[in-house]
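Atoms within each ligand, like the ligands themselves, are counted from 1 in listed order. Note: hydrogens, waters and symmetry copies are ignored here, and every other heavy atom, side chains too, is used.
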Amino acid sequence: MARLDQTPANQAEGLATPPSAAAPAALPVAGFINAGVRHDWTREEAQTIYDAPFNDLLFAAQSVHRRHFDPNQVELARLLSIKTGGCPEDCGYCSQSAHHESGLKASKLMEVERVLAEARKARDAGATRYCMGAAWRNPKTRDMDAVVAMVQGVRAMGMETCMTLGMLTPDDAARLADAGLDYYNHNIDTSPAYYSKVITTRAFSDRLQTLENVRNAGIKVCCGGIVGMGEEAEDRVGMLLTLANLPAHPESVPVNMLIPIPGTPLENAPPLDPIAFVRTVATARIMMPESVVRLSAGRTAMSDEMQALCFFAGANSIFAGDTLLTADNPEQDSDMALFRRLGVRAARLTLEEPAQDCDHHHAPARRDVLDLGSAPLPAESGGCGCGSCGCGAAA
Ligand code: SAM
Ligand code: DTB
Ligand code: SF4
């Protein structure tokens, strides 16, 4: 195969061009590799990234990814539904809404001890984050004591804690922060324009308000959405634009692929082109370079190759374990087999000393933090010297 030469225009960006081809002045997406953390993305920029030629998009996303993370480490998070079904909200995708006939049996809030027993099993299977979800519009005051005990118990096991309980007031958020909750998951789900096509019992602005309450309480934000709900590419871009232009990027960004649930309004949504899903992941990676992007719901319907492409595009977290909240997820054995084939490792928690002047009164003296590493860039490591493949290996 002919050696790939570089033109002055693309040398600066580390891109390669075949000698015989007319060199593009600059690939539009490559200009965003060095963008860093921005909160002023324009719709045009976001759409340009999403629409870029697939190989250019993946090259840019992987370049951004290795600048901030070890590209071969993936976080394992574990989910548990602590209160299932009977939810008063009408989210069109959800098995747990009381508005739909999904056949799911509603249950009460789980006992704290049962939750902790499940969490222990997850930790022993390698999970570093434990996410507890409740099918509520918002938590009731009477439930808060149990929820707080769950956070404290899981945290004491040395895992990061995450909860998703619906809308939170500033007081709810402060209580959870005091309990030591690490993350709160609250998804915007789709673009502002498409939101009312999917959910009518609350507004997009309600979601943003809870996110602000969570952030103000000092809890880290886990916020993403669902693709494959019949939305247009512009909606996927609109969702990412909203997330990336929040005052602070969510620390975790779950990208869910719709699991079509029989009996819900979206049961017959047209299947999404897998390439469009990978584009969404890659665009999230470029626009939110320091966020952990989670390849979330819908993996049972994805091939190994599609998941591998998502990891290449910058996804570095998954839900492990054979159940999500109510729907199936791949068996952990098959995930570990895929990790082995890809040379991917599960990320570990490391103990970190906080800064002396930490003023978060609710934070413990020492705490576990996830180590997702970062890889040296070719320019920093010398690379193989070919000037075109982007590798970091010595020649
Ligand atoms: N009730 C809380 C709420 O809505 O924030 C927490 C639980 S809710 C099930 C958490 C998220 O799961 C939703 O925001 C949605 O993004 C995702 N989700 C729910 N059902 C899904 C489905 N069928 N396919 C893909 N993602 C789904
Ligand atoms: C998120 O974004 N995805 C998870 C988690 N946050 C709570 C939930 C996925 C739910 C999939 C459908 C189900 O299991 O019912
Ligand atoms: Fe309720 Fe959450 Fe399901 Fe919506 S997504 S119906 S709020 S459990």
Side-chain angles (χ1 to χ4, degrees), residues 77-100 102-107 109 129-139 143 147 161-168 172 183-190 194-195 198-204 206-211 214 221-231 239 243 250 252-269 271-272 277 280 284 292-302 315 317-330:
R78 184 77 183 223
L79 259 180
L80 177 70
S81 179
I82 58 171
K83 196 274 168 213
T84 305
C87 182
E89 304 273 27
D90 71 349
C91 312
Y93 46 79
C94 188
S95 64
Q96 306 199 67
S97 167
H99 297 257
H100 319 319
S102 70
L104 188 78
K105 195 170 161 285
S107 60
L109 181 63
R129 186 177 311 176
Y130 203 64
C131 310
M132 294 159 270
W136 288 328
R137 176 174 165 83
N138 54 270
D143 296 316
V147 161
T161 51
C162 179
M163 288 224 147
T164 178
L165 314 171
M167 293 187 251
L168 293 187
D172 296 331
Y183 290 83
Y184 194 76
N185 168 244
H186 200 68
N187 292 341
I188 58 168
D189 280 339
T190 186
Y194 199 66
Y195 198 79
V198 181
I199 301 150
T200 69
T201 50
R202 58 170 187 258
F204 197 77
D206 295 326
R207 293 308 259 190
L208 297 180
Q209 185 59 59
T210 290
L211 292 171
V214 167
V221 170
C222 171
C223 183
I226 312 179
V227 297
M229 298 193 293
E231 77 284 345
M239 176 178 88
L243 293 171
S252 284
V253 179
V255 183
N256 296 279
M257 189 169 80
L258 177 74
I259 301 176
I261 311 270
T264 63
L266 288 173
E267 68 175 315
N268 295 316
L272 183 72
F277 186 90
T280 307
V292 172
V293 176
R294 183 172 307 121
L295 180 53
S296 229
R299 290 196 301 116
T300 50
M302 296 179 195
S317 175
I318 59 167
F319 284 120
D322 58 10
T323 314
L324 293 163
L325 291 173
T326 69
D328 289 346
N329 196 46

Which pairs of nitrogen or oxygen atoms, taken one from ligand 2 and one from the protein, are under 3.5 angstrom apart?
{"unit_1": "ligand 2", "atom_1": "2 (O)", "unit_2": "Asn187", "atom_2": "ND2", "d": "2.8"}
{"unit_1": "ligand 2", "atom_1": "2 (O)", "unit_2": "Asn256", "atom_2": "ND2", "d": "2.8"}
{"unit_1": "ligand 2", "atom_1": "3 (N)", "unit_2": "Asn256", "atom_2": "OD1", "d": "3.0"}
{"unit_1": "ligand 2", "atom_1": "6 (N)", "unit_2": "Asn185", "atom_2": "OD1", "d": "3.2"}
{"unit_1": "ligand 2", "atom_1": "14 (O)", "unit_2": "Leu325", "atom_2": "N", "d": "2.8"}
{"unit_1": "ligand 2", "atom_1": "14 (O)", "unit_2": "Thr326", "atom_2": "N", "d": "2.7"}
{"unit_1": "ligand 2", "atom_1": "14 (O)", "unit_2": "Ala327", "atom_2": "N", "d": "2.9"}
{"unit_1": "ligand 2", "atom_1": "15 (O)", "unit_2": "Thr326", "atom_2": "N", "d": "3.2"}
{"unit_1": "ligand 2", "atom_1": "15 (O)", "unit_2": "Thr326", "atom_2": "OG1", "d": "2.5"}

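Between the side chains of Arg129 and Ser317, no donor-acceptor pair of N or O atoms lies under 3.5 Å. Donor-acceptor pairing under 3.5 Å is lacking for the side chains of Tyr93 and Asn256.
Scanning the protein heavy atoms around atom 20 (N) of ligand 1, the nearest turns out to be Tyr93 CD1, 3.3 Å. Protein heavy atom at the shortest distance from atom 27 (C) of ligand 1 is Ile226 CD1, 3.7 Å.
The protein residues lying under 4.0 angstrom from ligand 3, judged by non-hydrogen atoms, are Cys87, Glu89, Cys91, Tyr93, Cys94, Ser97, Ala135, Arg202.
In terms of polar-atom proximity, Leu325 is not counted as a contact of ligand 1, lacking any N or O under 3.5 Å from an N or O of the ligand. Taking any N or O of Asn187, backbone or side chain, at least one lies under 3.5 Å from an N or O belonging to ligand 1. Where the criterion is an N or O separation shorter than 3.5 Å, residue side chain and backbone included, Arg207 meets it with respect to ligand 1. Residue-to-ligand polar distances place Ala134 within reach of ligand 1: an N/O pair is separated by less than 3.5 Å. An N or O contact shorter than 3.5 Å is missing between Asn185 and ligand 1 by distance.
With a heavy-atom cut-off of 4.0 Å, Asn256 touches ligand 1 through its side chain alone.
Residue contact annotation: Gly298 has no non-hydrogen atom under 4.0 Å from ligand 1. Residue contacts with ligand 1: Arg137 is excluded, as none of its non-hydrogen atoms falls under 4.0 Å.
The shortest heavy-atom contact between Pro260 and Leu266 is CB-O, 4.1 Å.
Heavy-atom proximity to Ala297, at under 4.0 Å, picks out these atoms of ligand 1: 25 (C), 26 (N).
Atom OH of Tyr130 sits about 9.5 Å away from atom CE of Met163, to the nearest 0.5 Å. Atom-to-atom distance recorded for Ile226:CD1 and Met257:CE is 11.5 Å, nearest 0.5 angstrom. A distance of 5.5 Å separates CD1 of Ile82 from CG of Leu165, quoted to the nearest 0.5 Å.
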